[in-house]
Amino acid sequence: MTYQPPTALPRDLVDQEQMHRALVDHDFGTVFRLAREHAGISYGKIATECDIKPNRVGELAKGRGRITTFEKIVQIADALRVPGHVLGLAPRPWEADSPGHRSEEIGSPVRRRTVLQAATATGLAAALPALHHPDPPSRVTPAYVEELRARAARLRRLDIYLGGGDTYRVYLAEVQRTKSLLRAAVFTGDARQKATALLAEQAQQAGWSAFDGGRDREAVGLYEESRDLAREARDPDLYGNALAFLAYKIGPHDRRAAVTFAEASCATITTRTPSTVRALLHERHAWACAVDGRIADTERALEAAREALDNAQPGEPQPDWAAWVDHVELDIMTGRCWTELRRPLRAVPALTHALGQYSDDHARDKALYLSWLAQACLTADEVEVAAQHLSHAATLARGVASQRPAQRLAPLINRLRPHAGLPAVRELLESAA
């Protein structure tokens, strides 16, 4: 018989909504507290089985700190006998001897009702079972790593339609799986270096999703990890992009540091850097400069981004993680920068032209970009036009598992309250209420 640790959670407790939600969210402090309250599992036992200091368990249970390392998450899963798919992991070895917890389907005893409740509370993808992962070969070749890179490209498409609240667990699970591969597999040729670069790419995607879902601390950690992995893999493009991500993330909190990071990211550009990557790094540099109020530097960075796209060679290979950068996206960034610099006569035409080519299917992104158009209109005292754009943005943002649209829209809507007598504003305020 398989060893059953004294900290194994009762099956019905795992299925309870509050516990299931905490597990999916990797909120282990809440998990530990509920385990003690509902199953009588002491913090001392949890500390022993999970190899965590007892005072640390108590601090986590009080909501102080989080556990984010892959190794410790796996250890907790095994100690508490939590099925791998609940935590975004591959099935654990002991699950074969634990009837009723199959990761390949949503069924008893992981109740469908619980899954649907979790989907509403924590996001669609977080409540679904783990994605299928075929067993890796005995020897990992460069060709196999390319298959994994193609898989990462396919999963990246989720970000077009879903917010970070939906995608974070999916992307984090891919990061964890590649880490396991790097620890345990035998590699041939330069496959290990390629897999390290893939992990850097996956960490960036997971970091972006964390940022989009309001997990700021996790986002910074993943970006920093990606930077170090890209350096280890000797991939200057991914290294530069990691620095650009860090610049984008810290910009609202430390403008000068953001500009420094953005400048460092552009310093990685060489004659071999793909055009979309060059444009992306210059775009992020432009944004950091705009947030810091540097008008001339912003204009120069935007021009460098446009030159990179204009001079792209036909058939030039582009990495999938930068393939979305085109002239439409550059127009949007141009409009955002000029909005930030309070230049509505430059911002409005660029944003209007770009958004006219942007499908409402990209609900999160279009809602965000409409918010900058509305902000530019407010700067120009076009209150009713701003209200119309905000109404459109609010409609698109409903049901999107992203923190950012609400963070953008709420203060702009509040700025319109003194104009509640205008029909367009009154309609927006009633809808928002």
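When reading the values below, keep in mind they use all heavy atoms of this one structure, side chains included, and skip hydrogens, waters and symmetry mates.
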Check the surroundings of atom [atom1] in [X]: do more than 12 heavy atoms from other residues, nucleotides or ligands lie under 6.0 Å from it?
X      : atom1 : value
Glu37  : CD    : yes
Arg398 : CZ    : yes
His38  : NE2   : yes
Arg417 : CZ    : yes
Arg139 : CZ    : no
Arg343 : CZ    : no

So, for [X] and [Y], which heavy atoms are closest and what is the spacing to 0.1 Å?
X      : Y      : result
Leu351 : Gly335 : CG-CA, 3.6 Å
Pro423 : Glu384 : CD-OE2, 4.3 Å
Leu229 : Thr196 : O-CG2, 3.6 Å
Ala322 : Thr276 : O-CB, 3.3 Å
Val140 : Ala191 : O-CB, 3.4 Å
Ala301 : His285 : CB-ND1, 3.9 Å

To the nearest 0.5 Å, what is the distance between [atom1] ([X]) and [atom2] ([Y])?
X      : Y      : atom1 : atom2 : answer
Asn414 : Leu429 : CG    : CG    : 8.5 Å
Leu199 : Glu174 : CG    : CD    : 11.0 Å
Leu148 : Leu198 : CG    : CG    : 6.0 Å
Arg336 : Leu341 : CZ    : CG    : 12.5 Å
Arg56  : Phe32  : CZ    : CZ    : 9.0 Å
Gln388 : Leu373 : CD    : CG    : 10.5 Å

pair [X]-[Y]: side-chain heavy atoms closer than 4.5 Å:
X      : Y      : value
Glu316 : Pro274 : yes
Leu87  : Ile76  : no
Glu299 : Glu303 : no

Taking ring pair (Phe, Tyr, Trp, His ring centres under 6.0 Å) as the cut-off, I'd like each qualifying pair that reaches into [range], sequence neighbours left out, listed once.
range            : value
residues 251-270 : none
residues 289-327 : none
residues 364-422 : Trp287-Trp372, Tyr358-Tyr369

Could you tell me whether [X] and [Y] have a side-chain N and a carboxylate O separated by less than 4.0 Å?
X      : Y      : answer
Arg151 : Glu147 : no
Arg215 : Asp25  : yes
Asp159 : Arg364 : yes
Glu146 : Arg149 : yes
Arg234 : Asp190 : no
Asp228 : Arg231 : yes
Asp331 : Arg306 : yes

Q: For side chain to side chain contact (heavy atoms under 4.5 Å, CB included), just list the numbers for His282 and Cys266, CA-CA rounded to whole Å, side-chain angles, deciding distance to a tenth of an Å, and then say yes or no.
A: CA-CA 6 Å; His282 285 306; Cys266 290; 3.7 Å; yes
Could you verify whether a donor N or O on one side chain and an acceptor N or O on the other, from [X] and [Y], lie under 3.5 Å apart?
X      : Y      : result
Thr141 : Thr188 : no
Thr178 : Arg183 : no
Gln176 : Lys179 : no
Gln318 : Ser275 : yes

Counting N and O atoms only, with roles assigned by atom type, does the side chain of [X] sit under 3.5 Å from a partner on the main chain of [Y], one being a donor and the other an acceptor?
X      : Y      : value
Asn311 : Glu307 : yes
Lys249 : Trp208 : no
Glu95  : Gly84  : yes
Arg342 : Trp338 : no
Ser265 : Ala262 : yes
Gln193 : Ala233 : yes
Arg169 : Val24  : yes
Thr334 : Leu330 : yes
Ser402 : Gly163 : no
Arg278 : Thr273 : yes

Q) Taking only residues two or more places apart in sequence, or in another chain, which ones meet Arg64 in a salt bridge (Lys or Arg N to Asp or Glu O under 4.0 Å)? A)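 In terms of salt bridge (Lys or Arg N to Asp or Glu O under 4.0 Å), with neighbours along the sequence ignored, Arg64 is linked to Glu59.
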Check residues 236-244 and write down every donor-acceptor pair under 3.5 Å in which the side-chain atom is one partner and the other belongs to a residue at least two apart or another chain.
| residue | atom | partner | partner atom | Å |
| --- | --- | --- | --- | --- |
| Asn241 | ND2 | Gln204 | OE1 | 2.7 |

Q) Between Glu218 and Leu172, is a side chain to side chain contact (heavy atoms under 4.5 Å, CB included) present by the stated rule, with each step listed? A) CA-CA 10 Å; Glu218 288 91 334; Leu172 184 62; over 6 Å; no
Q: I would like to know whether Leu390 and Leu416 meet side chain to side chain contact (heavy atoms under 4.5 Å, CB included); could you show each step before the answer?
A: CA-CA 10 Å; Leu390 288 174; Leu416 289 176; 3.5 Å; yes
Q | Trace of the side chain to side chain contact (heavy atoms under 4.5 Å, CB included) decision for Leu182 with Phe187 | A | CA-CA 9 Å; Leu182 281 165; Phe187 292 83; 3.8 Å; yes
Please tabulate, for the side chains in residues 403-412, all donor-acceptor contacts under 3.5 angstrom to protein atoms that are two or more places apart in sequence or on a different chain.
| residue | atom | partner | partner atom | Å |
| --- | --- | --- | --- | --- |
| Arg404 | NE | Asp212 | OD1 | 2.7 |
| Arg404 | NH2 | Asp212 | OD1 | 3.0 |
| Arg408 | NE | Ser371 | OG | 3.0 |
| Arg408 | NH1 | Gln375 | OE1 | 3.3 |
| Arg408 | NH2 | Ser371 | OG | 3.4 |
| Arg408 | NH2 | Gln375 | OE1 | 2.8 |

Q. What residue among Thr298, Asp297, Leu302 forms side chain to side chain contact (heavy atoms under 4.5 Å, CB included) with Arg300?
A. Asp297
